[in-house]
Every structure is written in structure tokens, then in C-alpha cells.
Amino acid sequence: RVTHMIKLFLLLSIISVQGSGSVFYKGSLYKTLDECKSSIVMHENLLAWQAEQRNYETIWIESHCLEFEGFPPLLPS
């Protein structure tokens, strides 16, 4: 059985913390580009809040919505 692939959108946030030897990333899947783009601010605010809870003094967050092909079962409910 052949399953057709569909477009998916990955919200990828890259986090850099001053004094850290690495960068971190978080990702979430969305069904549409609009859903992905509208989630950027909420996603970045959550990451900033989490960094504040860990007492990180300086962080930098950059987010992008990346389009790719995937199988339908990968979609979030």
C-alpha cells in the first residue's frame, strides 16, 4: 500500500544562551503555514519564560517555519 505524502510545517526555534558551549533547539509540527507562523510568538515567549526559570541571564531565540513533505500519521492530533 502506497501512502501519499503531504506538506507539513516545522516550527524550529534555535536558542543560544550566553556562556553555554552549545545552541539548543525546540520544534513543533503544524498542518498549515498560517498555524505555524501564528505560533511563533507564543512559542518564543514560552522558551523565554523557561530560560528565566533557569536563571539564564542572556538568551537569543530565533524561529522559522520550515516546509517539508511527510506522511499523514505524523500530524499532531
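Here Leu11 contributes atom CG and Glu35 contributes atom CD; the two are 11.5 Å apart, rounded to the nearest 0.5 Å. To the nearest 0.5 Å, atom CD of residue Glu69 and atom CD1 of residue Ile6 are 8.5 Å apart. If you take OH on Tyr30 and CG on Leu10, they are separated by 9.5 Å, rounding to the nearest 0.5 Å.
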Considering only distance and modelled atom types, tabulate donor-acceptor pairs under 3.5 Å from the side chains of residues 40-49, sequence neighbours left out.
{"from": "Glu44", "atom 1": "OE2", "to": "Ser63", "atom 2": "N", "distance (Å)": "3.4"}
{"from": "Glu44", "atom 1": "OE2", "to": "Ser63", "atom 2": "OG", "distance (Å)": "2.8"}
{"from": "Asn45", "atom 1": "ND2", "to": "Val41", "atom 2": "O", "distance (Å)": "3.4"}

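For the side-chain contact (heavy atoms from CB on, under 4.5 Å) test, residues two or more places apart in sequence or in another chain that qualify with Gln18 are Thr58.
Side-chain atoms of Phe68 and Leu29, non-hydrogen and from C-beta on, do get closer than 4.5 Å to each other. Glu67 is not listed as a side-chain neighbour of Leu33, based on a closest heavy-atom distance of 4.5 Å or more.
Tyr56 and Ile61 fall within the same hydrophobic cluster, defined by Ile, Leu, Val, Met, Phe, Trp and Tyr side-chain heavy atoms under 4.5 Å apart, directly or through other members. Phe24 and Leu12 fall into different hydrophobic clusters, where Ile, Leu, Val, Met, Phe, Trp and Tyr side chains are chained together by heavy-atom contacts under 4.5 Å. In the hydrophobic cluster analysis, where Ile, Leu, Val, Met, Phe, Trp and Tyr join through side-chain heavy atoms closer than 4.5 angstrom, Tyr25 is grouped together with Val23.
Here disulfide (SG to SG under 2.5 Å) pairs that include residues 11-65, with residues two or more places apart or in two chains, are Cys36-Cys65.
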